[in-house]
Chemist: 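Below are the structure tokens for one structure; questions will follow.
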Amino acid sequence: MSVVYPDNRGRYGDYGGQFVPETLMAPLKEIEDALNEAMKDESFQKEYRNELEHYSGRPTALTYADQLTKTLGGAKIYLKREDLNHTGAHKLNNAIGQALLAKRMGKKKIIAETGAGQHGVASATVAAKLGLECKVFMGEKDIERQQLNVFRMQLLGAEVISVSSGDKTLKDATNEAIRYWVAHCDDHYYLIGSVVGPHPYPKMVRDFQRVIGDETKRQFKEKEGKLPDRIYACVGGGSNAIGMFYPFLEDDVELVGIEAAGKGIDTPDHAATLLNGTQGIIHGSMTYLIQDDHGQIVEPYSISAGLDYPGIGPEHAYLHSSGRVRYESITDAEALEAVKTLSQAEGIIPAIESAHAIAQAVKEAKQMDPSETIVINVSGRGDKDMNTIMEQFQEG
Amino acid sequence: MSVVYPDNRGRYGDYGGQFVPETLMAPLKEIEDALNEAMKDESFQKEYRNELEHYSGRPTALTYADQLTKTLGGAKIYLKREDLNHTGAHKLNNAIGQALLAKRMGKKKIIAETGAGQHGVASATVAAKLGLECKVFMGEKDIERQQLNVFRMQLLGAEVISVSSGDKTLKDATNEAIRYWVAHCDDHYYLIGSVVGPHPYPKMVRDFQRVIGDETKRQFKEKEGKLPDRIYACVGGGSNAIGMFYPFLEDDVELVGIEAAGKGIDTPDHAATLLNGTQGIIHGSMTYLIQDDHGQIVEPYSISAGLDYPGIGPEHAYLHSSGRVRYESITDAEALEAVKTLSQAEGIIPAIESAHAIAQAVKEAKQMDPSETIVINVSGRGDKDMNTIMEQFQEG
Amino acid sequence: MTQMVEQTRFQKRLKREKNLFIPFIMSGDPTPEATVEIAYTMQQSGADVLELGVPYSDPLADGPTIQEAAGRALSQGMNLTEAMKLVPKMRERGVTIPIVLFTYYNPVLRYGLEAFAKAMEENDVDGLLIPDIPLEESEEIREFTEQYGVELISLVAPNSEERIKRIAEQAKGFLYCVSSLGVTGERKDMNPDIASFLEKVKHYSQVPVAVGFGISSYEQVKLVQGHSDGVIIGSKIIKLIDAHREALSNETTRAGALQELQSEVEQLVKGNE
Amino acid sequence: MTQMVEQTRFQKRLKREKNLFIPFIMSGDPTPEATVEIAYTMQQSGADVLELGVPYSDPLADGPTIQEAAGRALSQGMNLTEAMKLVPKMRERGVTIPIVLFTYYNPVLRYGLEAFAKAMEENDVDGLLIPDIPLEESEEIREFTEQYGVELISLVAPNSEERIKRIAEQAKGFLYCVSSLGVTGERKDMNPDIASFLEKVKHYSQVPVAVGFGISSYEQVKLVQGHSDGVIIGSKIIKLIDAHREALSNETTRAGALQELQSEVEQLVKGNE
Ligand SMILES: Cc1ncc(COP(=O)(O)O)c(C=O)c1O
Ligand SMILES: Cc1ncc(COP(=O)(O)O)c(C=O)c1O
């Protein structure tokens with residue numbers, strides 16, 4: 001792979017970097033050094049792959065969506081089944097990698113931020129598995145909305161720390177996790193859940209998630225003897241998307257990232273950071289974000305808690321500006337419809353996040369030729385969303 | 001495998017058979033013939049294995065429980081991860097096999113019974129996947145208790161039929177499914193969820209579940225170069241247990257099935273059919289069941305909806321009588337404690353059903369020598385049980 | 001088959017072999033006492049054989065009407081032992097037609113096969129019908145019913161196909177033909193293929209062929225009698241009884257209710273006059 | 001580096017280089033008008049430099065006290081533009097000490113780097129402190145602050161280690177030493193290793209070395225002054241101000257409150273007499 005970013009300042013073109021308080025420069029350097037060394041160490045790689053295979057159950061399946069393909073009558077559709085990972089989403093790939101790194105660095109305690117609780121659960125899970133202490137920062141509002149995930153984390157032995165600053169949601173939980181880390185970076189490792197944050201996080205999380213794309217490439221070739229024409233993935237922070245896209249960046253494959261349009265990209269209630277945001281800094285990284293005219297960060301909106309983040313990974317900002325990846329957006333209503341579509345056509349209830357990618361793919365697959373092929377990354381399963389989906393369908 | 005039962009009447013020693021109304025004899029014969037023919041057909045076998053691999057994500061991992069082993073200081077513990085299957089339990093193995101058979105038989109409609117909803121979800125899932133119509137019979141009481149699973153089945157396109165006869169739970173849902181089947185057996189296939197019911201169901205479900213044991217044998221040999229000393233599995237109807245045990249029946253491996261002792265095997269509130277029940281007929285099969293002095297079936301009790309069945313598969317009755325499998329029982333309280341134990345030691349939240357097997361294994365592993373090895377079948381994940389577990393821990 | 005010379009109790013009590021009317025009633029519904037009287041009333045209404053149901057917790061061959069009747073009977077404390085005890089009382093009351101016990105297999109197993117067969121004999125039960133044992137599973141109980149002189153009634157269904165011959169050839173008492181696929185309970189329409197099905201059954205059967213499941217009107221009775229030797233009426237009878245539940249439960253109002261019941265049953269099996 | 005001859009605005013306004021007292025106040029907390037008066041009061045209490053905070057939605061280097069002050073200021077409509085406009089008013093009121101704008105980087109980017117530097121000059125702002133850009137990311141803004149004569153204040157932390165030299169050597173105005181790992185806010189105990197850390201910093205620094213984060217009592221002020229050139233006090237000052245929130249918000253009661261505030265601040269930095 002000859003993609004040469006990030007540069008040594010952690011920049012992807014104009015994006016990325018380390019916009020953090022001075023106090024964090026040392027811990028970031030420590031992580032970067034440890035990471036570089038670990039990634040070169042065959043025993044670390046082996047340990048990481050071992051946990052992916054024998055703990056999380058990788059490789060995840062690449063499922064041919066027989067009925068969906070037939071119903072739409074267009075491109076041949078495959079689903080990359082990240083929903084089959086232990087704990088139900090791609091999040092664990094990264095959590096495993098970082099937790100192993102933390103352990104290698106001699107850190108006995110990890111901290112993590114979470115919105116809906118998916119990354120929190122993944123972090124609590126690997127912490128339990130590796131015998132680390134785990135604190136999960138979570139907005140007060142999210143704690144109320146996601147009681148089951150809160151309990152799940154506690155059952156796994158993690159401490160869930162309620163964050164009452166700001167809007168009391170994911171962005172604030174992240175702020176608070178960073179604040180806590182600043183004060184405790186000597187013995188705590190901060191396990192970020194997506195390709196966001198200061199360098200080396202976006203790169204590290206990408207490298208722990210690229211297993212999605214690497215596997216897909218191999219599996220797709222086995223099944224079809226070629227590469228897919230297009231690949232779809234939803235984009236919140238952007239980790240499942242970059243994990244899927246990265247190994248295909250230099251191939252002749254169209255890559256499509258789907259943001260959450262919430263109630264509509266022309267309303268204030270959306271989370272379409274690239275399509276409707278502006279350049280700036282969030283959580284230590286230069287990227288796109290949703291902000292007001294004075295540079296105050298604005299609370300985004302999406303029905304899916306995992307896409308409801310006002311920033312986006314800097315590599316996506318770069319791939320957007322370079323035009324290598326096409327970004328689209330899908331509304332709440334379209335995503336919910338796609339949940340239904342996939343459930344009834346394939347017996348797979350996707351996470352609402354993933355349903356954004358499905359909705360866009362369904363739109364486009366119809367227009368494509370049956371000789372063309374696509375892959376949709378099903379980043380997670382919908383079990384966590386059943387209450388939301390139920391409420392929505394019962395209202396509507 | 002030279003185990004020669006069931007005989008041609010579907011008997012496992014004294015147990016099994018076809019204690020059904022005359023009207024069902026023809027459909028049962030039709031299934032038996034179709035099954036025998038399909039099992040010999042390499043293309044059917046291939047289709048079945050293909051769905052297991054590329055849809056459900058098999059083989060499921062065999063995870064070494066590093067921390068649990070170290071904490072207990074006894075036998076080396078492995079976990080067979082049926083929780084990693086699509087839809088979260090071993091149930092799908094069987095649902096896939098039977099739905100493929102139904103399709104092959106030209107049936108466009110399937111019916112299924114469900115208690116907590118796990119087998120209902122598995123059936124609705126494969127029905128969606130294979131384009132079959134699906135009706136799921138579920139007791140009125142269970143519908144109230146398991147609203148999310150009801151909605152999940154509906155989202156998958158299944159019709160959930162509320163059963164208000166009898167105790168309005170699983171036993172009655174099964175009765176009602178059988179009644180419906182009797183009237184509609186010309187175009188409906190009845191997809192039973194465990195190794196229960198009249199011949200050929202117990203054999204068929206076993207043969208679709210034995211993939212658990214076959215994989216375990218191969219994986220364990222790869223990792224340890226030998227066979228495990230003991231294997232543990234929980235027993236409700238008995239499908240995950242028989243699926244695990246069957247390939248080991250002729251090996252020098254101790255097999256332990258764990259029933260639900262509910263509030264205690266010496267109280268009326270238990271579901272320990274073999275240990276505390278008596279011989280009789282339930283749902284078309286001669287086996288053990290929980291009944292009163294007049295042969296009326298008694299509603300069993302367990303905190304886990306999947307073990308809360310008054311009968312048990314006839315093959316278990318046979319293996320119990322022959323002494324080949326040792327049966328033990330675990331109370332609600334012990335199972336809940338085991339949920340916590342596994343969650344915190346390994347980052348795996350098991351289904352409460354599976355936790356019964358874990359609890360027994362934990363008890364015994366401590367007493368064993370570190371040179372000995374055991375496998376616990378983690379039949380499903382605990383997500384479905386979070387409300388129950390939360391309530392229990394908040395009460396306690 | 002050398003003992004065919006001696007007639008069974010059932011055979012002795014059966015007065016004719018054509019146009020049989022076989023009502024099904026549930027022991028203990030609405031009360032054990034009422035059941036005895038209802039049995040007698042059935043005979044008065046023209047019943048040729050009485051099917052006496054034993055309530056069971058899991059009656060999987062039955063539709064809602066009989067399920068509910070079983071539920072009511074269970075809550076009256078009815079069970080296999082008690083149901084058998086009703087038969088001598090019926091005899092005392094004057095019931096002379098054959099009485100066939102209808103019970104699921106599990107209570108029988110629980111009772112003990114031989115003990116049960118012996119108890120049937122002692123209580124003057126003439127026949128036994130177990131809806132959840134097909135021919136293949138009937139060997140064990142058959143041994144004892146034969147030993148104790150009880151006719152084990154067999155069932156055939158429209159989908160029995162090549163099994164019909166085997167079942168019909170060993171049928172005892174009468175052969176119970178299930179009218180159509182499904183559980184007990186009323187049906188709007190009769191199975192249109194019933195005629196050819198019944199012809200086939202009659203061809204093999206040595207005993208009267210009676211049709212049950214879903215018969216609930218005089219028209220259906222007529223239709224079925226035309227092709228067979230008799231009708232079995234269950235759910236409809238249970239409903240007629242249930243309409244008088246309170247009156248039948250109460251000793252002072254019972255006689256009147258029985259009279260009404262008798263005329264309703266007569267209308268059902270004999271038509272409007 | 002040939003223009004080193006000319007003094008910056010900051011340097012001109014800084015009256016001494018030892019025992020500096022640098023209070024932090026939040027623009028718009030409790031009101032914009034009050035902020036102007038508070039600034040003057042700080043000068044009266046002995047402040048040598050004023051750190052003027054600009055509220056930000058996501059102040060990730062700040063503890064709860066300053067976060068909450070920012071929240072109050074934001075709800076007063078305060079922002080980067082408005083905060084700069086306060087400075088000429090402070091000058092009018094008589095504030096002659098250097099004023100350093102404290103703002104996170106995102107509002108600055110949104111404003112536009114050059115436009116912002118120019119606006120700082122126009123509004124007579126002397127220095128700029130951005131807590132979320134380390135040396136490595138400061139190049140772009142530095143170009144413009146230098147062009148418009150604004151001192152870009154740098155921070156060093158106890159874990160800066162080999163970075164200390166690089167940071168200290170290019171420090172402007174004063175060098176902000178973070179007392180210990182963590183965000184802004186009071187601390188019970190001071191970092192015991194602070195002395196050796198400060199020695200190292202002073203060794204490389206050409207400008208006064210001031211210590212901030214967590215200083216909240218006279219004892220701590222004394223301790224820190226002993227090892228450095230000054231103290232920066234933020235959260236404690238915000239709390240003192242907040243205790244007078246109502247009185248300060250109201251024009252008729254403001255003067256009295258300011259007087260009390262002055263004596264409280266003096267007590268904090270000068271001790272009990
Ligand atoms: C299932 C699922 N998909 C996608 C996302 C979005 O994250 P990312 O864009 O980093 O993949 C989340 C975040 O929680 C998620 O749970
Ligand atoms: C996770 C899980 N384990 C075990 C069982 C018990 O069934 P069986 O004994 O057939 O494996 C169930 C039934 O729903 C289940 O969901």
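Numbered from 1 within each chain, the chains take letters A, B, ... in sequence-line order.
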Chemist: Which region of D/P55, side chain (C-beta onward) or backbone (N, CA, C, O), has a non-hydrogen atom less than 4.5 Å from a non-hydrogen atom of chain A, or is it both or neither?
Modeler: backbone
Chemist: Sub-3.5 Å donor-acceptor pair from the side chain of A/N175 to the main-chain atoms of D/L60, do we have one?
Modeler: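 No; judged by distance alone, with no hydrogens or angles, the pair does not exist.
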Chemist: Check the pair A/K29 / D/R163 against side-chain contact (heavy atoms from CB on, under 4.5 Å), numbers first and verdict last.
Modeler: CA-CA 11 Å; A/K29 183 77 167 52; D/R163 300 166 52 80; over 6 Å; no
Chemist: Please flag which part of A/I297 lies under 4.5 Å from any non-hydrogen atom of chain D: side chain, backbone, both or neither.
Modeler: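 For A/I297, the contact with chain D is made by backbone and side chain together.
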Chemist: Please rank A/D293, A/D186, A/L24, A/D167 by heavy-atom pairs under 4.5 Å with chain D and give me the top one.
Modeler: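 The candidate making the most pairs under 4.5 Å is A/D293.
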Chemist: Tell me which of these, A/R11, A/R9, A/R179, has more heavy-atom pairs under 4.5 Å with chain D than the rest.
Modeler: A/R179
Chemist: Is the closest side-chain heavy-atom distance between D/P134 and A/M25 below 4.5 Å?
Modeler: yes
Chemist: Looking at CG of D/N159 and SG of A/C185, how far apart are the two atoms once the value is rounded to the nearest 0.5 Å?
Modeler: 5.5 Å
Chemist: Heavy-atom count around A/K108 NZ within 6.0 Å, excluding the residue itself: above 12?
Modeler: no
Chemist: What part of A/L289 lies closer than 4.5 angstrom to a heavy atom of chain D: side chain, backbone, both or neither?
Modeler: side chain
Chemist: Compile the donor-acceptor pairs under 3.5 Å between side chains in residues 133-143 of chain A and protein atoms, sequence neighbours left out, one pair per line.
Modeler:
unit_1, atom_1, unit_2, atom_2, d
A/K135, NZ, A/Y180, OH, 3.4
A/K135, NZ, A/H188, NE2, 3.3
A/D142, OD1, A/R145, NE, 3.4
A/D142, OD1, A/R145, NH2, 2.5
A/D142, OD2, A/L170, N, 3.4

Chemist: Is it the side chain or the backbone of D/V156 that comes within 4.5 Å of chain A heavy atoms, both, or neither?
Modeler: backbone
Chemist: Return the CG to OG distance between D/D62 and A/S165, rounded to the nearest 0.5 Å.
Modeler: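 D/D62 atom CG to A/S165 atom OG measures 11.0 Å (nearest 0.5 Å).
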Chemist: Say whether A/Q291 and D/N106, considering side chains only, have a donor N or O and an acceptor N or O under 3.5 Å apart.
Modeler: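 Yes, D/N106 and A/Q291 have a side-chain donor paired with an acceptor closer than 3.5 Å.
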Chemist: For a side-chain contact (heavy atoms from CB on, under 4.5 Å) check, start with the C-alpha distance between D/L80 and A/H294, then their side-chain angles and the critical distance, and finish with the verdict.
Modeler: CA-CA 7 Å; D/L80 185 55; A/H294 297 105; over 6 Å; no
Chemist: What closest approach, in Å, do A/F19 and D/E137 show between heavy atoms, and which atom pair accounts for it?
Modeler: CZ-OE1, 3.3 Å
Chemist: Between A/I178, A/D172, A/V182, who has the most heavy-atom pairs with chain D when the cutoff is under 4.5 Å?
Modeler: A/V182
Chemist: Which region of D/L109, side chain (C-beta onward) or backbone (N, CA, C, O), has a non-hydrogen atom less than 4.5 Å from a non-hydrogen atom of chain A, or is it both or neither?
Modeler: side chain
Chemist: Provide the closest heavy-atom pair for A/Q296 versus D/L74 in the form atom of the first, atom of the second, distance.
Modeler: NE2-CD2, 3.4 Å
Chemist: Which atoms of D/E82 are under 4.5 Å from chain A, going by heavy atoms: the side chain, the backbone, both sets, or neither?
Modeler: neither
Chemist: Is it the side chain or the backbone of A/H283 that comes within 4.5 Å of chain D heavy atoms, both, or neither?
Modeler: both
Chemist: What parts of residues 111-127 of chain D touch chain A if we use heavy atoms and a cut-off under 4.5 Å?
Modeler: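 Contacts with chain A: none.
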Chemist: Side chains of A/P21 and D/L155, heavy atoms from C-beta outward: is any pair under 4.5 Å?
Modeler: no
Chemist: Using heavy-atom distances under 4.5 Å, tell me whether A/T278 contacts chain D through its side chain, its backbone, both, or neither.
Modeler: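 For A/T278, the contact with chain D is made by the side chain alone.
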Chemist: For D/I167, is it the side chain, the backbone, both, or neither that has a heavy atom closer than 4.5 Å to a heavy atom of chain A?
Modeler: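 The side chain, not the backbone.
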Chemist: With a 4.5 angstrom heavy-atom cut-off, could you sort out which part of D/Q67 is near chain A: side chain, backbone, both or neither?
Modeler: side chain
Chemist: Ignoring hydrogens, what is the shortest heavy-atom contact between D/G182 and A/T23? Give both atom names and the distance.
Modeler: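 Of all heavy-atom pairs spanning D/G182 and A/T23, the closest is N-CG2, 4.4 Å.
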